[in-house]
Amino acid sequence: MKQTQRHVCDFLVIGSGLAGLFAALKAAPHGKVTVVTKRDSGECNTRYAQGGVACVTADSDSFDSHVADTLKAGGGLCHQDVVEQVVRAGPGVIQNLLDWGVHFTTRKDLGARADNGTAFDLGKEGGHSQRRVLHAGDITGEELIRALRAKCRQEPNIELLEDHLAIDLITSRHLSWQDEHLCLGAYVLNRDGNQVRTIVARHTFLATGGAGKVYLYTSNPDVASGDGIAMAYRAGAEIRNMEFFQFHPTCLYHPEAKSFLISEAVRGEGGELKIRRDGEYVSFMEAYHELGSLAPRDVVARAIDNELKRRGEECAYLDIRHHDEAFLRNRFPNIFAECLRFGFNMAEQLIPVVPAAHYCCGGVKTDVAGRTTIKRLYAIGETGSTGLHGANRLASNSLLEAMVVAENAVAAAVSGPERDYPFNAADIPDWFSGAAVDSDDAIVIAHNWDEIRRLMWSYVGIVRTDKRLERAKNRIRLLRNEIEKYYWDFIITGDLVELRNIASVAEMIIDCAMTRRESRGLHFNLDCPETNGDIGKDTVLRRPTRAEIWSE
């Protein structure tokens with residue numbers, strides 16, 4: 001494997017979703033920014049976000065109401081100070097988006113008069129007491145990425161490196177420093193030519209998104225392999241609350257749909273969940289929660305899971321037929337077209353749906369400015385765990401958090417005491433392949449990838465037990481050992497890097513789930529008592545250092 005020349009920048013942003021691009025634009029006035037993204041810069045979790053951004057903009061709404069809804073959904077694990085800071089910063093970041101060319105759907109766009117103190121057409125989603133979700137039709141994510149990519153390409157200080165996959169973080173441990181733990185950049189695989197670049201940076205931002213591909217069924221794109229979380233863990237950062245993985249209740253059930261998401265906004269417009277019983281379609285959510293089909297996602301996902309197992313059905317159904325076709329085409333143009341493509345007219349037929357892995361509420365432990373437990377390393381967006389989401393994310397809070405924490409992280413980086421390089425870039429070692437050779441058995445990667453995703457779905461899914469978790473732990477330990485040996489013996493490829501990360505994240509989820517001896521929020525263990533909303537404690541993981549291992 002050939003080594004390319006090293007690359008030096010002020011800000012290294014790993015990931016090109018909303019958090020990454022927002023951070024890049026905020027950092028550009030302060031120095032050279034390099035954005036690394038493993039595929040095309042438009043391929044990310046943000047792109048597939050349909051619902052929108054939860055933010056207080058209407059006169060009828062309030063910060064206190066948004067905070068209260070977030071705390072209630074979070075099952076006693078939200079950090080209230082973080083919730084208040086993120087919610088109150090919302091209007092400011094929304095103004096940034098408008099200034100950068102994002103167009104949110106207005107009431108005028110829909111032919112309606114603005115009578116709620118805001119020009120925006122606001123959606124309502126599960127767990128929200130008010131209409132407060134700004135959206136761009138039902139393709140909000142696409143609109144955000146379109147506008148921010150265009151803005152980034154206009155900035156001379158921003159360089160986009162597409163088809164580049166981060167392998168591992170470079171830290172002061174690579175220089176044998178023992179007194180201070182700093183992040184110095186990352187080793188990055190250029191897929192074009194399979195070369196490794198050494199990227200040295202004053203500040204590094206992990207914005208790699210979530211890890212939905214750790215599960216067999218997910219609404220996430222293929223790039224969501226938990227890279228940032230895995231790299232941070234290997235570098236020694238603390239990881240928090242990985243047991244809380246949100247399963248979106250309503251993904252389109254069709255063999256060719258690849259878990260296409262049916263936005264929660266459909267239920268916000270009155271869509272009702274139903275199950276087939278004795279040949280008829282009947283509502284069932286009222287038996288599980290006072291909000292019915294608009295209950296928080298953990299409740300809805302478990303309810304659907306329970307009904308499917310009880311009835312022996314393959315899917316539930318979403319009924320939005322009380323709206324006419326003109327309204328549905330206008331409000332949900334993309335969802336309507338996709339459903340029609342698979343043979344379902346939303347105005348005339350029920351939509352078959354099933355839960356699928358959607359959002360990781362845990363991640364790299366940070367404060368509200370994205371600071372990790374490693375200096376000069378920031379984790380933003382879904383990669384980080386600020387304490388906003390607690391045990392269950394309130395719908396559409398994720399995009400809000402991504403922007404607020406990204407902005408705070410850049411502000412912390414440029415104003416903090418760590419603005420200068422405390423090292424000589426030439427001293428950082430290049431990537432070393434050692435005695436690694438080309439693989440002669442690449443099928444192992446595909447088999448291990450499939451086995452991990454299936455065991456996670458079967459044993460660490462919506463409903464868990466102690467026995468299932470123990471089985472998963474025993475199996476993932478063997479797989480991790482096999483993958484690590486493969487990693488060191490053979491020259492790396494993009495598939496191998498992602499497999500290694502998926503395995504690492506899977507074990508983190510299992511370890512956190514086994515540690516939590518209660519059923520709370522998204523973590524539901526039949527062998528553990530349910531909480532009654534009392535204040536809980538976070539679970540925290542950290543990889544032991546070599547010194548700690550040797551001292552035992």
Exercise for review: Apply the side-chain contact (heavy atoms from CB on, under 4.5 Å) test between Cys44 and each candidate in Thr37, Asn220, Ile145; give the one that qualifies.
Suggested key: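 Considering Thr37, Asn220, Ile145, a side-chain contact (heavy atoms from CB on, under 4.5 Å) with Cys44 is found only for Ile145.
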Point to revise | side-chain contact (heavy atoms from CB on, under 4.5 Å), paired with Val102, selected from Leu134, Asn96, Leu144 | key: Leu144
Minimum heavy-atom distance [X]-[Y], with the two atoms named:
{"X": "Leu261", "Y": "Ser219", "answer": "CD1-CB, 4.2 Å"}
{"X": "Ser385", "Y": "Gly362", "answer": "CB-C, 3.8 Å"}
{"X": "Leu122", "Y": "Ala58", "answer": "CD1-CB, 3.8 Å"}
{"X": "Met456", "Y": "Ala506", "answer": "SD-CB, 3.8 Å"}
{"X": "Gly228", "Y": "Val364", "answer": "O-CG2, 4.3 Å"}
{"X": "Ala357", "Y": "Thr218", "answer": "O-OG1, 2.8 Å"}

Under the 3.5 angstrom rule, does the side chain of [X] hit a backbone N or O of [Y] as a donor-acceptor pair?
{"X": "His128", "Y": "Gln130", "result": "no"}
{"X": "Asp138", "Y": "Gln50", "result": "no"}
{"X": "Thr70", "Y": "Val83", "result": "no"}
{"X": "Asp527", "Y": "Asp466", "result": "yes"}
{"X": "Glu518", "Y": "Pro529", "result": "no"}
{"X": "Arg516", "Y": "Lys537", "result": "yes"}
{"X": "Arg47", "Y": "Gly141", "result": "no"}
{"X": "Tyr48", "Y": "Phe260", "result": "no"}
{"X": "Thr383", "Y": "Thr208", "result": "yes"}
{"X": "Thr386", "Y": "Thr366", "result": "no"}

From [X] [atom1] over to [Y] [atom2], what is the distance, rounded to the nearest 0.5 angstrom?
{"X": "Cys360", "Y": "Leu522", "atom1": "SG", "atom2": "CG", "value": "10.0 Å"}
{"X": "Cys183", "Y": "Ile374", "atom1": "SG", "atom2": "CD1", "value": "6.5 Å"}
{"X": "Leu328", "Y": "Glu348", "atom1": "CG", "atom2": "CD", "value": "10.5 Å"}
{"X": "Ile262", "Y": "Leu252", "atom1": "CD1", "atom2": "CG", "value": "5.0 Å"}
{"X": "Glu401", "Y": "Asn397", "atom1": "CD", "atom2": "CG", "value": "8.0 Å"}
{"X": "Leu18", "Y": "Leu97", "atom1": "CG", "atom2": "CG", "value": "6.5 Å"}

**Study point:** Test log, rule side chain to side chain donor-acceptor pair (under 3.5 Å), inputs Thr539 and Thr515
**Key:** CA-CA 7 Å; Thr539 55; Thr515 299; over 6 Å; no
Check whether the side chains of [X] and [Y] place a donor and an acceptor atom closer than 3.5 Å, and report yes or no.
{"X": "Ser293", "Y": "Glu272", "value": "no"}
{"X": "Thr372", "Y": "Glu238", "value": "no"}
{"X": "Glu338", "Y": "Asn334", "value": "no"}
{"X": "Asn241", "Y": "His389", "value": "no"}
{"X": "His66", "Y": "Asp61", "value": "no"}
{"X": "Asp64", "Y": "Ser62", "value": "no"}

If you measure from the Lys or Arg side-chain nitrogens to the Asp or Glu carboxylate oxygens, is any gap between [X] and [Y] under 4.0 Å?
{"X": "Arg329", "Y": "Asp324", "result": "no"}
{"X": "Glu530", "Y": "Arg302", "result": "no"}
{"X": "Arg393", "Y": "Asp298", "result": "no"}
{"X": "Asp534", "Y": "Arg520", "result": "yes"}

Parallel, tilted or perpendicular: ring planes of [X] versus [Y], cut at 30 and 60 degrees:
{"X": "His358", "Y": "His248", "result": "perpendicular"}
{"X": "Phe104", "Y": "Phe120", "result": "perpendicular"}
{"X": "Phe327", "Y": "Phe332", "result": "perpendicular"}

**Study point:** CA sep, side-chain torsions, deciding dist, call: Val404, Gln85, side chain to side chain contact (heavy atoms under 4.5 Å, CB included)
**Key:** CA-CA 9 Å; Val404 172; Gln85 290 181 64; over 6 Å; no
Practice item. Among Glu314, Glu307, Glu313, find the one that has a salt bridge (charged side-chain N to carboxylate O under 4.0 Å, His left out) with Arg311. Key: Glu307
Exercise for review: Report the residue from Arg331, Lys124, Arg321 that forms a salt bridge (charged side-chain N to carboxylate O under 4.0 Å, His left out) with Glu269.
Suggested key: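 With Glu269 as partner, salt bridge (charged side-chain N to carboxylate O under 4.0 Å, His left out) holds for just one option, Arg331.
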Exercise for review: Measure centre to centre between the rings of Phe247 and Tyr215, then say whether the value is under 6.0 Å.
Suggested key: yes
Quick check: do [X] and [Y] have side-chain heavy atoms less than 4.5 Å from each other?
{"X": "His289", "Y": "Pro296", "value": "yes"}
{"X": "Phe344", "Y": "Leu340", "value": "no"}
{"X": "Leu206", "Y": "Tyr378", "value": "no"}
{"X": "Arg149", "Y": "Leu21", "value": "yes"}
{"X": "Cys512", "Y": "Phe245", "value": "no"}
{"X": "Ile335", "Y": "Met346", "value": "yes"}
{"X": "Thr250", "Y": "Arg267", "value": "yes"}
{"X": "Arg464", "Y": "Glu243", "value": "yes"}

Check your understanding: What do the steps show when you test Phe336 against Asn345 for side chain to side chain contact (heavy atoms under 4.5 Å, CB included), and what is the final call?
Key -> CA-CA 7 Å; Phe336 192 96; Asn345 186 321; 3.5 Å; yes
Check your understanding: Would you find more than 12 non-hydrogen atoms of other residues, nucleotides or ligands less than 6.0 Å from Phe524 atom CZ?
Key ->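 Count over threshold, so yes.
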Point to revise | Full working for side chain to side chain contact (heavy atoms under 4.5 Å, CB included) between Val463 and Arg468 | key: CA-CA 10 Å; Val463 177; Arg468 292 174 190 169; 4.3 Å; yes
Practice item. Start with the C-alpha distance between Phe22 and Val410, add both sets of side-chain angles, then the distance that settles side chain to side chain contact (heavy atoms under 4.5 Å, CB included), and finish with yes or no. Key: CA-CA 10 Å; Phe22 202 96; Val410 173; over 6 Å; no
Review point. Does the pair Asp69 and Arg132 meet the rule for a salt bridge (Lys or Arg N to Asp or Glu O under 4.0 Å), with working shown?
Key: CA-CA 11 Å; Asp69 290 345; Arg132 64 168 64 98; 2.8 Å; yes
